[in-house]
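All remarks here apply to the structure that follows.
Counting convention: from 1, in listed order, for ligands and their atoms alike. In what follows, every heavy atom counts, from backbone to side chain, and hydrogens, waters and symmetry copies are set aside. All of these numbers come straight from a predicted model, not from anything done at the bench.
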Amino acid sequence: MSVTAVVGLQWGDEAKGKVVDLLSQQADIVARFNGGDNAGHTVVNPYGTFKVRLTPNGFSNPKTICVIGPGVVVNLATLVDEIAMIQRSGIDLSDRLWVSPRCNVVMPYHPMMEGIYEQAKGAASTGTTRRGMGPVYADKASYNGIQLSDLADESQFAEKLHVQLALKNPFFAAFGLPLMDFETVYREKLEQFSRVHNAVREPFGLIQEALAKGASIVLEGAQGALLDNNWGTYPFCTASITLAGGATAGLGVAPRWIGRVIGVTKAYTTRVGSGPMPTELKDEFGEILQKEGQEYGTVTGRARRCGWFDADLVRFTAQLNGATELALTKLDVLDTLPTIKICVGYHPDYNGERLWHYWEGDALWLEACRPVYIEMEGWRQSTKGVRDFDRLPRQAQAYVRKVEELVRVPASLVSVGPGRDETIQRA
Ligand code: GDP
Ligand code: IMO
Ligand code: MG
């Protein structure tokens, strides 16, 4: 079986983009199945450095077909810009992009609604990327969404947009915000759609044919398991299913086809936005991780919160995804540290008797938990140039092995830099 899901095992930004770009060199199809332009996947390859939000990371290989499945919500403005950016860099994507007409469209009122929700929650806000993800998925779930196929039919689109603006405008008025003008939204969306409409075609048949032929398909997850709408730190999470299982519904690839699940995890932990993060460091070590790891959000530019690797969380998310292997990324960021800690479980403030685990509590409970650490010796030398596991410093090898032992999944790939080649492949 040659379907590989690549999913994040933490709170996103684990370097899924880099791993998918690496795999895309042998992939017939790379497909996104969840999220929208809240994602920001960075790749550094021979064509340059790219930060993509919607386009699947197979665009750099001229032989790879890029699919956006119905589980993805599409902001047309982002898609138009991204296609232009990729074409400008000399990569021809015109015949290789397939976007399902079933994708829901992010409308301009979705980020506005999200802004109102976030403001109302004040200090308890989720700290979203403000891309309208919560409202667009809510509209989808409550049968109020507008799909790309609606834009192909102008009168159908007009009818649906009238209804939605009649529902949304009183809400904006109640909060003293300007109302949305039908004509402006209608024209803008049709204009954007006209630029991508050639790519809007249902990829289901193409994927089924590829599966039957045993073609190589990479499923590119967005966000991470701890942001999943069911299993993440709700309500500090995202609106979609971020797990390997989400690919089945989000793309139409049945579970039996997915033979390989690569769980991507950093060698430490980061998080953007609000919500519990037991191993967060607010000291000089946190600053080192942020500086060495260049931990700033791709979409919003916000500084990412940094902390030690949390093996309890990653064991849980590896189980949740059925990870068959790990891609352990950004090991080089730990290069200068004298000692490195790993969280192995929690002591809640009300019971310190035994080690507790993430899945036993909710977000508030996790916030109050005290992480229990083991300590490892650092290696204090650069790993950036290393391409062979046996050439890593002894302490770095021990660190990777400890992660594998605690998470209970082997690391087939260890990443020591952003470049495609800055990778140790062990499989
Ligand atoms: P994604 O959302 O999971 O694709 O991850 P992002 O692209 O948002 O964030 C990962 C960041 O780390 C990007 O800027 C990558 O270029 C960079 N990166 C990836 N792998 C490595 C690595 O092994 N070491 C270092 N130092 N940077 C890396
Ligand atoms: P990639 O694919 C990191 C976070 C936001 C916020 C929460 C909800 O690059 O790993 P949303 O806009 O989705 O409603 O925000 O989820 N978030 C991400 N954090 N990486 C991402 O994507 C993220 N997508 C959303 O910061 O805390
Ligand atoms: Mg990212």
Side-chain angles (χ1 to χ4, degrees), residues 6-22 32 34-45 49-54 56-57 72-73 75 106 110-111 113-115 117-118 125-138 220-229 232-240 242 262-268 270-277 289 291-305 327-335 363 382-384 386 413-424:
V6 178
V7 287
L9 296 186
Q10 296 167 310
W11 279 287
D13 301 329
E14 300 90 347
K16 300 173 291 294
K18 164 171 171 163
V19 174
V20 173
D21 173 64
L22 191 67
R32 277 274 305 266
N34 77 301
D37 66 345
N38 54 341
H41 296 181
T42 311
V43 297
V44 181
N45 66 26
T49 298
F50 302 89
K51 293 174 189 293
V52 287
R53 297 171 181 182
L54 278 171
N57 259 303
V72 177
V73 290
N75 183 328
V106 181
H110 290 129
M113 294 170 76
E114 184 177 338
Y117 296 155
E118 285 282 271
S125 70
T126 296
T128 67
T129 60
R130 303 277 174 132
R131 301 280 141 182
M133 292 299 120
V136 72
Y137 276 106
E220 179 176 2
Q223 289 80 52
L226 296 168
L227 290 170
D228 180 72
N229 196 254
T233 42
Y234 194 91
F236 308 102
C237 63
T238 192
S240 71
T242 64
I262 303 182
V264 189
T265 172
K266 281 179 190 170
Y268 50 100
T270 64
R271 169 161 210 175
V272 218
S274 332
M277 177 178 165
L289 295 175
K291 188 167 150 279
E292 298 293 324
Q294 289 292 301
E295 295 296 355
Y296 296 94
T298 314
V299 176
T300 57
R302 288 177 293 178
R304 294 175 184 147
R305 299 154 66 192
L328 187 65
T329 62
K330 304 191 90 161
L331 186 73
D332 57 296
V333 173
L334 305 179
D335 281 353
S382 175
T383 56
K384 277 184 186 295
V386 180
L413 192 153
V414 178
S415 177
V416 289
R420 194 190 257 177
D421 62 325
E422 290 176 301
T423 307
I424 299 168

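Looking only at atom types and distance, the side chain of K18 has no donor-acceptor partner in the side chain of T42 under 3.5 Å away. A side-chain donor from one of T265 and Q10 sits under 3.5 Å from a side-chain acceptor of the other. For the residue pair D21 / N57, no side-chain donor-acceptor distance below 3.5 Å is found, with atom types taken as modelled. Inspection of the E295 and Y268 side chains reveals an N or O donor paired with an N or O acceptor under 3.5 Å. Under the 3.5 Å distance criterion, with hydrogens and angles disregarded, no donor-acceptor pair is assigned to the side chains of R53 and T129. A donor-acceptor contact closer than 3.5 angstrom is absent between the side chains of D332 and T383.
Taking a cut-off of under 4.0 Å to the non-hydrogen atoms of G12, the atoms of ligand 2 that pass are 3 (C), 10 (O), 20 (N). Annotation for ligand 2: atoms under 4.0 Å from non-hydrogen atoms of G40 are 1 (P), 9 (O). Less than 4.0 angstrom separates some heavy atom of A222 from each of these atoms of ligand 2: 2 (O). Taking a cut-off of under 4.0 Å to the non-hydrogen atoms of W11, the atoms of ligand 2 that pass are 3 (C), 19 (N). Listed by atom number, the atoms of ligand 2 under 4.0 Å from T126 heavy atoms are 8 (C), 27 (O). Residue M133 approaches ligand 2 through these ligand atoms, each under 4.0 Å from one of its heavy atoms: 13 (O), 14 (O). Counting atoms of ligand 2 from 1 in the listed order, those under 4.0 Å from a heavy atom of H41 are 1 (P), 2 (O), 9 (O). Contact atoms of ligand 2 toward K16: 1 (P), 2 (O), 10 (O) (distance under 4.0 Å to a heavy atom of the residue).
Nearest to atom 16 (O) of ligand 1 among the protein's heavy atoms is P418 CB, 3.4 Å. With hydrogens left out, the protein atom closest to atom 2 (O) of ligand 1 is G40 O, 2.9 Å, a heavy atom. Protein heavy atom at the shortest distance from atom 4 (O) of ligand 1 is G17 N, 2.8 Å. Among all protein heavy atoms, the one lying closest to atom 15 (O) of ligand 2 is T128 CA, 3.4 Å. In this structure, atom 13 (C) of ligand 1 lies nearest to the protein heavy atom T42 CB, 3.6 Å.
Remark: ligand 1 and K384 share no N or O pair separated by less than 3.5 Å (distance only, no angle test). For ligand 1, the polar-atom distance check finds an N/O of S415 within less than 3.5 Å of one of the ligand's N/O atoms. Considering backbone and side-chain atoms alike, T129 places an N or O below 3.5 Å from some N or O of ligand 2. Considering both main-chain and side-chain atoms, V44 never comes within under 3.5 Å of ligand 1 through any nitrogen or oxygen pair. Below 3.5 Å of separation, one finds an N or O of A15 facing an N or O of ligand 1. For ligand 1, the polar-atom distance check finds an N/O of D13 within less than 3.5 Å of one of the ligand's N/O atoms. For K16, a nitrogen or oxygen atom sits less than 3.5 Å from a nitrogen or oxygen atom of ligand 1, counting backbone and side chain alike.
With a 4.0 Å heavy-atom cut-off, ligand 1 is reached by the backbone of K330 and by its side chain too. The side chain of R302, and not its backbone, has at least one atom closer than 4.0 Å to an atom of ligand 2 (non-hydrogen atoms only; side chain from C-beta on). In V43, neither the side chain nor the backbone holds a heavy atom less than 4.0 Å from any atom of ligand 1. Neither the backbone nor the side chain of E220 comes within 4.0 Å of ligand 1, counting heavy atoms alone. Residue-level proximity to ligand 2 for Q223 is carried by backbone and side chain together, each with a heavy atom below 4.0 angstrom.
Under a 4.0 Å heavy-atom criterion, R304 is not in contact with ligand 2.
Of the listed options G417, G419, A39, G417 places a heavy atom closest to atom 21 (C) of ligand 1. In this structure, of D332, V264, L328, N57, the residue bringing a heavy atom nearest to atom 24 (N) of ligand 1 is D332. Taking only non-hydrogen atoms, the option from G35, C237, G273 nearest to atom 8 (C) of ligand 2 is C237. For atom 6 (C) of ligand 2, the candidate residues are P235, G127, G17; the nearest heavy-atom contact is made by G127. With T238, L227, V264, N38 as candidates, the residue nearest to atom 17 (N) of ligand 2 on a non-hydrogen basis is L227.
Here the straight-line distance linking atom OH of Y296 with atom NZ of K291 works out to 10.0 Å at 0.5 Å rounding. One distance of note links CD of E14 with OG1 of T329; it measures 7.5 Å at 0.5 Å rounding. For the atom pair CZ (R305) and CG (L289), the distance works out to 14.0 Å, reported to the nearest 0.5 Å. We find the NZ-NZ distance between K266 and K330 to be 4.5 Å, quoted to the nearest 0.5 Å.
Exactly one residue among N38, T238, T242 makes a side chain to side chain donor-acceptor pair (under 3.5 Å) with Q223. That residue is N38.
Counting all heavy atoms, side chain and backbone alike, A239 lies closest to N229 at CA-ND2, 3.6 Å.
Around the Mg ion (ligand 3), the protein contributes the following N, O or S atoms under 2.8 Å, ordered by chain and number: D13 OD1, G40 O.
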